[in-house]
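One-based numbering along the sequence shown.
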Amino acid sequence: MTHRPATPPVAARITTRAVPPAAAPPEARSRGRRFRGRRPRAGGRPRRVGSVAGLLLVAALVLVGCGGRPTTHHKPGTSHQEAPGSSGTLLPARDEGGRRLRELPVAEAPTVRAEARPDSEGGWNVHLTVERFRFTPESTGGAALPGRGHARLLVDGRETARLYGPWGHVPAGAHTLTVRLHADDHTVWAVSGTPVQATVRLDGAPTTPAPTTPASTTPAPTTPAATTPAPTTTPAPATPAPTPASPSGPAPAPASPRTPDPGRTVVLTISGRTVSPPPSRIELKKGERLTLRVTGDRADTLHVHGYDRELPLSPGTPATLTLTVDRTGLFEVETHESGLLLTQLVVR
């Protein structure tokens, strides 16, 4: 008797396992009609991968197209000046450079004040004091937002530079400086149709003519002295009397040596955070005497750097400090409590 191998039964079992598609439940067959071409998961529910991916793609496009910062987004085909979402009202008026004015109410509009100080290497250092305004160089070119932007310098009516902070420099030879505030979209902030700006004259230090005034008062008494000999001129020799008057003119000259004793006098007034006259540099010679006469509206302390001289200030009461400048260099005079720069001493 021959024995057959036991493989056919195994094949039969394999064949019976390959038939399960015919035994699929009717639910799966009915769902297969709706989701034809999609492979069902375990449990019979198909995966909606394509629709979910499409929704994610649309959301990503929306975020990329409109999720940027409002300061840099505007519609295609429009300029920065016409970008939507900006504050204020665009006026038809334009400045010298063709930029439109952007009107704001007085209560919301920024303000600017400018101060020019001589620089030791020539030109002028410009300092801006702004309110309701912030310099935003990172947003320049974007849409206009309230209280943001940059400043432009106009020297003698011509635009020369931009400022993205409170300090700048103007070369020598200029006579008039105008500082104008602009929005990020380069429009000009305006109130009542007028640009928000400040103009200063670039003149010499206003404190230098102060000491000349007392010198002019000293010759004043000599003029009546010249008139007194006039009535005594009965003979002709009285005519030479005016000639001695000319020597009498130099006679007060001995009083001129007294003027170096008090030296130069500088009068300063502090009102809030404003110094009058504006801070500048005073040229002095080594060994010259300087008198500072300061009147403030609050209690403070005056300090002369480099000489370590201090002077207490009382509200409304003039205070005087006299010193001999025996050191060469640049020395600042400021207040301790308010931190205001009053003036600078240049001793040569």
Original post:
Going by an N to O cut-off under 4.0 Å, is there a salt bridge joining Arg281 and Glu332?
Top reply: no

Original post:
Under 4.5 Å between side-chain heavy atoms, hopping through other hydrophobics if needed: is there a path connecting Leu302 to Leu268?
Top reply: yes

**OP:** Please assess Thr317 against Thr295 for the test side-chain contact (heavy atoms from CB on, under 4.5 Å), listing each intermediate value before the final yes or no.
**Re:** CA-CA 6 Å; Thr317 303; Thr295 304; over 6 Å; no

Original post:
Any idea which heavy atoms bring Val275 and Leu341 closest together, and the distance?
Top reply: CG2-O, 4.0 Å

Original post:
Is any side-chain heavy atom of Leu330 less than 4.5 Å from a side-chain heavy atom of Leu345?
Top reply: no

Original post:
Hey, what's the ring geometry for His150 with His182, parallel, tilted or perpendicular (30° and 60° as the breaks)?
Top reply: parallel

Subject >> Closest contact, heavy atoms only, Gly306 versus Phe331 >> reply: CA-CD2, 3.7 Å

Please tabulate, one pair per line, all N/O donor-acceptor pairs under 3.5 Å involving side-chain atoms of residues 191-202, not counting sequence neighbours.
residue : atom : partner : partner atom : Å
Gln197  : OE1  : Arg180  : NE           : 2.8
Gln197  : OE1  : Arg180  : NH2          : 2.9
Thr199  : OG1  : Thr178  : OG1          : 3.1

**OP:** For the pair Val325 and Lys285, evaluate side-chain contact (heavy atoms from CB on, under 4.5 Å) and give the outcome as yes or no after the intermediate values.
**Re:** CA-CA 8 Å; Val325 289; Lys285 293 182 179 180; over 6 Å; no

**OP:** Measure the CG-OG distance between Leu342 and Ser280 for me, rounded to the nearest 0.5 Å.
**Re:** 11.0 Å

**OP:** Take Arg152 and His186, measure what side chain to side chain donor-acceptor pair (under 3.5 Å) needs, and give me the verdict at the end.
**Re:** CA-CA 10 Å; Arg152 294 176 185 254; His186 304 291; 3.0 Å; yes

Original post:
Looking at side-chain heavy atoms only, is the closest gap between Val333 and Leu292 below 4.5 Å?
Top reply: yes

Original post:
What distance do Leu340 atom CG and Glu334 atom CD have between them, rounded to the nearest 0.5 Å?
Top reply: 9.0 Å

Original post:
Checking side-chain contact (heavy atoms from CB on, under 4.5 Å) for the pair Val266/Thr343: CA distance, chi angles, key distance, verdict?
Top reply: CA-CA 10 Å; Val266 177; Thr343 188; 5.5 Å; no

Subject >> Nearest heavy atoms of Tyr307 and Val347, plus distance in Å >> reply: OH-CG2, 4.1 Å

Original post:
Mind checking whether His303 and His305 have parallel, tilted or perpendicular rings, split at 30° and 60°?
Top reply: tilted

**OP:** Check whether Trp124 and Val179 end up in the same hydrophobic cluster, where Ile, Leu, Val, Met, Phe, Trp and Tyr are linked by side-chain heavy atoms less than 4.5 Å apart.
**Re:** yes

Subject >> Nearest heavy atoms of Tyr164 and Pro137, plus distance in Å >> reply: CD2-CB, 3.6 Å

**OP:** Identify the heavy atoms of Leu313 and Ala319 that sit nearest to each other, and give their distance.
**Re:** CD2-CB, 3.7 Å

**OP:** Compute whether any side-chain donor of one residue and acceptor of the other, for Thr291 and Thr322, lie under 3.5 angstrom apart.
**Re:** yes

Subject >> Heavy-atom closest pair, residues Ser338 and Asp300 >> reply: OG-OD2, 2.9 Å

Subject >> Separation between CG of Leu90 and CZ of Arg100, rounded to the nearest 0.5 Å >> reply: 4.5 Å

**OP:** Kindly write out the residues that satisfy salt bridge (Lys or Arg N to Asp or Glu O under 4.0 Å) with Arg348, not counting sequence neighbours, or none if the list is empty.
**Re:** Glu283

**OP:** Look up atom OG in Ser87 and atom CD in Glu103, then write down how far apart they are to the nearest 0.5 Å.
**Re:** 11.5 Å

Subject >> Single-linkage hydrophobic cluster Ile270~Leu321, side-chain heavy atoms < 4.5 angstrom >> reply: yes

Subject >> Val130-Leu177 co-clustered via ILVMFWY side chain contacts under 4.5 Å >> reply: yes

**OP:** Decide side-chain contact (heavy atoms from CB on, under 4.5 Å) for Leu154 and Thr160; before the verdict, give the C-alpha distance in whole Å, the side-chain angles of both, and the deciding distance to 0.1 Å.
**Re:** CA-CA 6 Å; Leu154 288 81; Thr160 58; over 6 Å; no

Under 3.5 Å, which donor-acceptor pairs do the side chains of residues 105-119 form with other protein atoms, sequence neighbours left out?
residue : atom : partner : partner atom : Å
Asp119  : OD1  : Asn125  : ND2          : 2.9
Asp119  : OD2  : Glu121  : N            : 2.9

Original post:
Val170, Leu128: one ILVMFWY side-chain cluster at the under-4.5 Å cut-off?
Top reply: yes

**OP:** Drop me the distance from Asp326's CG to Glu288's CD, to the nearest 0.5 angstrom.
**Re:** 12.5 Å

Subject >> Contact check, side chains of Leu284 and Val346, non-hydrogen atoms, under 4.5 Å >> reply: no

Original post:
Judged by modelled atom types alone, do Thr187 and Asp185 share a side-chain donor-acceptor pair under 3.5 Å?
Top reply: yes

Original post:
If you measure from CG on Leu290 to OG1 on Thr265, what distance do you get to the nearest 0.5 Å?
Top reply: 7.5 Å

